[in-house]
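Here is the structure we will look at.
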Amino acid sequence: MSLGEGHKAGVAAGHRETAKAALEVLKAGGNAFDAAIAGFLAACVAEPVLSSLGGGGFLVAKPADGDVSVFDFFTETPLNRPLRDDVDFHPVTADFGVAQQEFHIGMGAVATPGAVAGIFEIHNALGRMPMAELISPARMLARDGIRLNRFQAYLLGVVGPIYQTSAGTRAMFCRSGGDELLSAGDYYRPEAFAGFLDAMASEGPDLFYLGDVASRITAMDGCVLSREDLAKYRVVRRHPLHTRIGNHEIFLNPPPAIGGALIDYALRCLCLSQLRPGDFGSEKHATALIHAMDTANRARFDCGIDRDANAGAQALAGMDPHPPSYRGTTHISIADADGNLAALTVSNGEGCGHVVPDTGIMLNNMLGEDDLNAAGFFEWPEGVRLSSMMTPGVMVDPDGAWTAFGSGGSNRIRSALTQVILNICVYESDLAEALSRPRLHLEGNKLSVEPGFEHTPSWSGEVHIWPEANMFFGGVHVMQRDAAGGVQGAGDPRRDGISLGF
């Protein structure tokens with residue numbers, strides 16, 4: 001659902017209640033960063049498979065009177081690496097209906113969460129309203145409960161084995177605490193989360209990292225995290241990765257995240273194809289996309305970015321793109337009336353299958369994500385930030401319009417964002433059209449394609465044509481503020497996206 005012109009502030013997100021919480025804060029006098037915090041907390045209730053304070057994420061901030069910066073509150077590896085056979089760590093399969101993807105869960109898959117530290121760091125640096133007021137919409141949602149809509153019920157079904165794993169998850173996500181998952185129309189009421197939010201509002205982040213909740217986490221059976229892991233966690237504020245496509249300047253998530261560097265490389269590849277506004281959907285368009293994804297995948301291996309994100313990104317930036325030869329993740333974009341923009345992407349992976357007692361918080365499974373563990377499971381270095389494909393960002397066009405963007409979608413994030421940026425900057429699509437146009441994604445030798453291209457894209461490996469647009473291809477939410485102060489936005493229909501404003 002899109003938000004047209006004529007507004008002075010707005011939010012694009014993956015659920016109406018997420019967007020409403022953020023918009024409520026904007027109307028009450030909060031800024032974009034306050035609204036991002038409120039939206040994230042509401043998403044933990046409204047989008048429980050995609051959002052949790054047991055995970056982490058990134059905020060790209062563009063203050064009206066300042067430079068772009070990135071708040072990195074992603075997860076970290078534990079200080080002590082166990083042997084794989086000594087911990088609870090096992091595979092489950094997520095079933096999208098026409099495709100499957102394997103994830104690993106269990107307490108052995110839990111990395112040190114950064115989300116709680118993140119929201120307080122953002123608030124201290126850029127926030128305006130009291131934290132208790134930002135927490136209020138989410139607390140009310142958790143206390144009163146929310147009916148699962150069809151998309152959230154579908155998503156719960158996709159990753160059902162994770163949410164049926166333990167007594168804690170079954171009590172929250174299954175009917176009467178049994179094995180039958182909640183369905184569309186059922187109430188999801190995480191009352192323990194409401195209690196946690198009240199405590200967090202009064203005690204701050206120390207509750208989670210040093211206090212009672214830290215004790216509960218480390219006492220969970222099989223937990224690989226120590227009190228030291230939690231106590232040492234810090235948010236890092238970084239300079240963005242700066243690139244261009246055409247006359248647009250783009251600011252992306254920098255290393256140690258790797259998504260921004262890979263998107264930059266793919267965009268440089270696409271620039272060599274000399275695409276024009278009328279080329280969308282053509283054979284030239286599809287071929288250029290496939291080539292850019294293929295060469296970016298190969299360059300990812302060659303530059304070693306999965307082993308050393310900083311060195312790999314430097315190597316990738318120095319590579320000349322060759323011309324054509326012919327995960328549980330959600331995003332919120334916000335523009336306020338003062339000219340501030342916020343792009344927030346958060347993830348819990350798919351969740352580890354265990355809930356911190358008496359908090360309603362599912363812990364992440366980042367140590368069980370293939371795309372974050374390219375060297376192999378339990379090969380990670382101790383006590384370091386995990387890399388991530390999440391790439392919230394902002395861009396500015398020659399007329400002075402700023403756009404905040406980002407996507408969920410695990411390893412499809414980079415391909416989804418590359419294509420939306422291309423649609424806006426090269427194909428001159430409006431925001432709604434830029435999001436709704438068909439996408440493709442290349443992973444290894446398999447090309448996945450949404451319907452809507454003029455011709456079936458040509459590829460030497462396996463080609464899978466999906467019957468309809470699907471959340472598999474990401475969930476991009478965008479918000480734009482023009483030079484005159486007008487705001488418009490759009491939410492990705494693949495993930496029940498919505499944009500609201502006033």
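The figures here come from the full heavy-atom set of this structure, side chains too, leaving out hydrogens, waters and symmetry mates.
- When every heavy atom of G259 is checked against every heavy atom of M389, the shortest pair comes out as CA-SD, 3.6 Å.
- Taking every heavy atom of both residues into account, A184 and A153 meet most closely at N-CB, 3.4 Å.
- One N or O on the side chain of R439 and one on the backbone of L435 form a donor-acceptor pair closer than 3.5 Å.
- The OH atom of Y233 sits 8.5 Å away from the OG1 atom of T112 when rounded to the nearest 0.5 Å.
- No side-chain heavy atom of E17 sits under 4.5 Å from any side-chain heavy atom of V45.
- With hydrogens and angles disregarded, a donor-acceptor distance shorter than 3.5 Å links the side chain of R189 to the backbone of D144.
- Within the 4.5 Å cutoff, the side chain of D336 has no heavy atoms near those of the F33 side chain.
- The shortest side-chain heavy-atom distance between I290 and T287 does not fall under the 4.5 Å cut-off.
- Using a 4.5 Å cut-off on side-chain heavy atoms (C-beta onward), P457 and V463 make no contact.
- Remark: side-chain polar atoms of N348 are paired, donor with acceptor, to backbone N or O of M362 under 3.5 angstrom.
- Using modelled atom types, no side-chain atom of T75 and backbone atom of P113 make a donor-acceptor pair closer than 3.5 Å.
- F473 does not carry R494 over the face of its six-membered ring by the limits of under 6.0 Å from the centre and within 45° of the normal.
- Dense packing is recorded around CZ of R175, with more than 12 heavy atoms of other residues, nucleotides or ligands lying under 6.0 Å away.
- S333 places no side-chain N or O within 3.5 Å of a backbone atom of A12 that could act as its donor or acceptor partner.
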Dump the intermediate steps for side-chain contact (heavy atoms from CB on, under 4.5 Å) on N149 and R16, then the final yes or no. CA-CA 10 Å; N149 61 28; R16 177 172 292 275; over 6 Å; no

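- Interatomic distance, F73 CZ to R385 CZ, rounded to the nearest 0.5 Å: 10.0 Å.
- Under a 3.5 Å cut-off, the side chain of N253 and the backbone N or O of T391 do not form any donor-acceptor pair.
- With ring centers used as reference points, H15 lies 6.0 Å or more from F151.
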Going through the distances and angles, do F40 and L53 end up as a side-chain contact (heavy atoms from CB on, under 4.5 Å)? CA-CA 9 Å; F40 174 26; L53 291 182; 3.9 Å; yes

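- To the nearest 0.5 Å, the span separating CD on E450 from CZ on F472 amounts to 10.0 Å.
- Judged purely by atom type and a 3.5 angstrom limit, N423 uses its side chain to pair as donor or acceptor with the backbone of Q419.
- Of all heavy-atom pairs between V449 and L447, the closest is CG2-CG, 3.7 Å.
- Checked by atom type and distance alone, the side chain of S429 never pairs as donor or acceptor with a backbone atom of I424 at under 3.5 Å.
- Checked for salt-bridge contact, E433 and R437 meet the test: a charged N lies under 4.0 Å from a carboxylate O.
- Remark: side-chain polar atoms of H123 are not paired, donor with acceptor, to backbone N or O of D34 under 3.5 angstrom.
- Distance check: M200 CE to F120 CZ gives 4.5 Å after rounding to the nearest 0.5 Å.
- One distance of note links CE of M395 with CD1 of I245; it measures 9.0 Å at 0.5 Å rounding.
- Interatomic distance, M390 CE to L417 CG, rounded to the nearest 0.5 Å: 12.0 Å.
- Using cut-offs of 30° and 60° for the angle between ring planes, the F173 and Y188 rings count as parallel.
- Side-chain contact check for R216 and T359: no donor-acceptor pair (N or O, by modelled atom type) lies under 3.5 Å.
- There is no side-chain donor-acceptor pair under 3.5 Å between D179 and Q164.
- In this structure, the side chains of N364 and S52 stay at 4.5 Å or more apart for every pair of heavy atoms.
- Side chains of N297 and R414: a donor on one and an acceptor on the other come within 3.5 Å.
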Do N445 and E462 pass the side-chain hydrogen bond (donor to acceptor under 3.5 Å, both in side chains) test, and can you show the C-alpha distance, the side-chain angles, and the key distance before you say yes or no? CA-CA 6 Å; N445 199 41; E462 179 185 355; over 6 Å; no

Full working for side-chain contact (heavy atoms from CB on, under 4.5 Å) between H354 and T169: CA-CA 6 Å; H354 297 274; T169 55; 5.7 Å; no

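- Aromatic ring orientation, F453 versus H285: parallel (interplanar angle below 30°, classes split at 30° and 60°).
- Inter-residue side-chain proximity for L207 and F196 is flagged as met; some heavy-atom pair is nearer than 4.5 Å.
- You'll find the side chain of M131 reaches within 4.5 Å of the side chain of I37, heavy atoms only.
- Counted by atom type alone, E443 and H441 present one or more donor-acceptor pairs between their side chains at under 3.5 Å.
- Shortest non-hydrogen contact noted between Y163 and P48 is OH-O, 4.0 Å.
- When every heavy atom of G178 is checked against every heavy atom of R170, the shortest pair comes out as O-CD, 3.3 Å.
- Under the 4.5 Å side-chain criterion, counting only non-hydrogen atoms from C-beta, K62 is not in contact with V396.
- At least one donor-acceptor pair closer than 3.5 Å links the side chain of N365 to the backbone N or O of H104.
- The heavy-atom pair separating V487 from G10 by the smallest distance is CG1-N, 3.7 Å.
- Between T345 and H331, the side chains place a donor N or O and an acceptor N or O closer than 3.5 Å (distance only, hydrogens not considered).
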Does C223 form a side-chain contact (heavy atoms from CB on, under 4.5 Å) with I217? I'd like the steps, not just the answer. CA-CA 7 Å; C223 183; I217 293 172; 4.1 Å; yes

